[in-house]
Asker: 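Below: one structure in structure tokens.
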There are 2 protein chains.
Amino acid sequence: MTIEEHIKTTSLKPSQRLIINLAYTAQWSNDILLMALKPYDISLQQFNVLRILRGQKGKPANLSTLNDRMVTKASNTTRLVDKLLKKELVNRSTCPSNRRKIEITITEAGLSLLNELDKVVTQAENKITTQLDNNEIEQLNNLLNKLRTETKN
Amino acid sequence: MTIEEHIKTTSLKPSQRLIINLAYTAQWSNDILLMALKPYDISLQQFNVLRILRGQKGKPANLSTLNDRMVTKASNTTRLVDKLLKKELVNRSTCPSNRRKIEITITEAGLSLLNELDKVVTQAENKITTQLDNNEIEQLNNLLNKLRTETKN
DNA sequence: TTACAATATTTGTATATACAAATGTATTAT
DNA sequence: ATAATACATTTGTATATACAAATATTGTAA
């Protein structure tokens, strides 16, 4: 379905259509990922945090680092990590050299869950991008990056 | 910033980068729109509903129609419309021919607010798309549509 | 060293979202 | 006409998000 068909409008300016298309397509993509994660009771944000922690390769991350690196901003990283802690997927301890900071690491259970999740998420990712060839994927990535380019002033 | 710079990772597969880029760019775009609407205490969803109602040109819309046409799905259209009703931006009445249905129309106050919002939203829209020329905008729209193309089976 | 500002996280609270169950109305089959 | 089913919306409730204020710790300046 094109955006016009969906929202039952004609004559949108291409730039308006782009903005709507972007929101609509991103939600479509997220829904597919979410469906894959649903059986595991893990939200996209939680999955994202687990992946960041794995990427740290043992090196702990503090809350503000997690928040900076998240794909979409969490408004409350403390409580997001709380949920992972309750499931024993992460460890939390105060940083000895700077006791304001909290060090988060992923547990073995977290790593092994993530390993399982990788399978279903990869499947979902393939499902999302299956209609585009490599060249089109690159093109789309480049256009999205260009869209977000900051102006000098 | 490219996606790799943002999430501090190298070696993402282009298809993974696309999915992250899509989520990230859509949120970036939404944030700009949201900032424009903030002074008016109107959420994007509420703005969206008002625009749909204006597009009806007096013809009322019921809740399920609104929900179908919304850019991103609302999980509770009743309460979304409640908020607009409280601000007297819409009217609500039960459909005389089918009393299960609820007819929603936009009020004069709603239309005149929307008229004001159009200005700031257009500015925000221009800000979002300023980095791309017309040709690139079309390209991006086409690629997003193609991404979402359904497979036959 | 005491006061003040900066940093990092947590807590409180209001609002939003998701989703299942309940309600009320209309349609269909018997 | 009655029961069963489908439809449209509302309500209840749990969870998530946004954001300001509070707390704790560290760094810095007088």
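A note on names: the letters A, B, ... follow the listed sequences, proteins ahead of strands, and every chain is numbered from 1.
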Asker: With sequence neighbours left out, what residues match D133(B) under side chain to side chain contact (heavy atoms under 4.5 Å, CB included)?
Answerer: N135(B), E136(B)
Asker: Identify, residue by residue, the members of residues 46-53 of chain B with a heavy atom below 4.0 Å from DNA chain D, and return them in order of residue number, or none.
Answerer: none
Asker: With sequence neighbours excluded, what pairs up with D31(A) under the side chain to side chain contact (heavy atoms under 4.5 Å, CB included) test?
Answerer: Q27(A)
Asker: Who passes side chain to side chain contact (heavy atoms under 4.5 Å, CB included) against K87(B), sequence neighbours left out?
Answerer: I42(B), Q46(B), L89(B)
Asker: Cut-off 3.5 Å, side chains only: do T94(A) and R99(A) have a donor facing an acceptor?
Answerer: no
Asker: Can you list, in residue-number order, the parts of residues 58-79 of chain B that come under 4.0 Å of DNA chain C, counting heavy atoms only?
Answerer: S75(B), N76(B), R79(B)
Asker: Looking at residues at least two apart in the chain, or sitting in another chain, which of them share a ring pair (Phe, Tyr, Trp, His ring centres under 6.0 Å) with Y24(B)?
Answerer: H6(B)
Asker: Determine, using the 4.5 Å side-chain heavy-atom cutoff (strictly less than), whether W28(A) and I20(B) are members of one ILVMFWY cluster.
Answerer: no
Asker: Listed by chain and number, what are the side chain to side chain contact (heavy atoms under 4.5 Å, CB included) partners of R54(B), not counting sequence neighbours?
Answerer: R51(B), L111(B), L114(B), D118(B)
Asker: Please list all pairs passing the ring-ring contact (aromatic ring centres under 6.0 Å, His included) test where one or both residues lie in residues 69-99 of chain A, with sequence neighbours left out.
Answerer: none
Asker: Listed in order of residue number, which residues of residues 88-101 of chain B have a non-hydrogen atom at under 4.0 Å from DNA chain D?
Answerer: R92(B), R100(B), K101(B)
Asker: So, are K59(B) and E103(B) salt-bridged, with charged N and O less than 4.0 Å apart?
Answerer: no
Asker: What residues form a salt bridge (Lys or Arg N to Asp or Glu O under 4.0 Å) with R92(B), not counting sequence neighbours?
Answerer: D82(B)
Asker: Looking at I104(B), L84(B), T107(B), N91(B), which one forms a side-chain contact (heavy atoms from CB on, under 4.5 Å) with L53(B)?
Answerer: I104(B)
Asker: For residues 61-71 of chain B, tabulate all N or O donor-acceptor pairs below 3.5 Å that involve a side-chain atom, not counting sequence neighbours.
Answerer:
unit_1 : atom_1 : unit_2 : atom_2 : d
N62(B) : OD1    : S64(B) : N      : 3.4
N62(B) : OD1    : S64(B) : OG     : 3.2
N62(B) : OD1    : T65(B) : N      : 3.0
N62(B) : OD1    : T65(B) : OG1    : 2.7
N67(B) : OD1    : T77(B) : OG1    : 3.3
R69(B) : NH1    : Q56(B) : OE1    : 3.0

Asker: Could you give the start and end, 5' to 3', of the contact zone on DNA chain D for chain B, using atoms under 4.0 Å from its heavy atoms?
Answerer: dA6(D) to dC19(D)
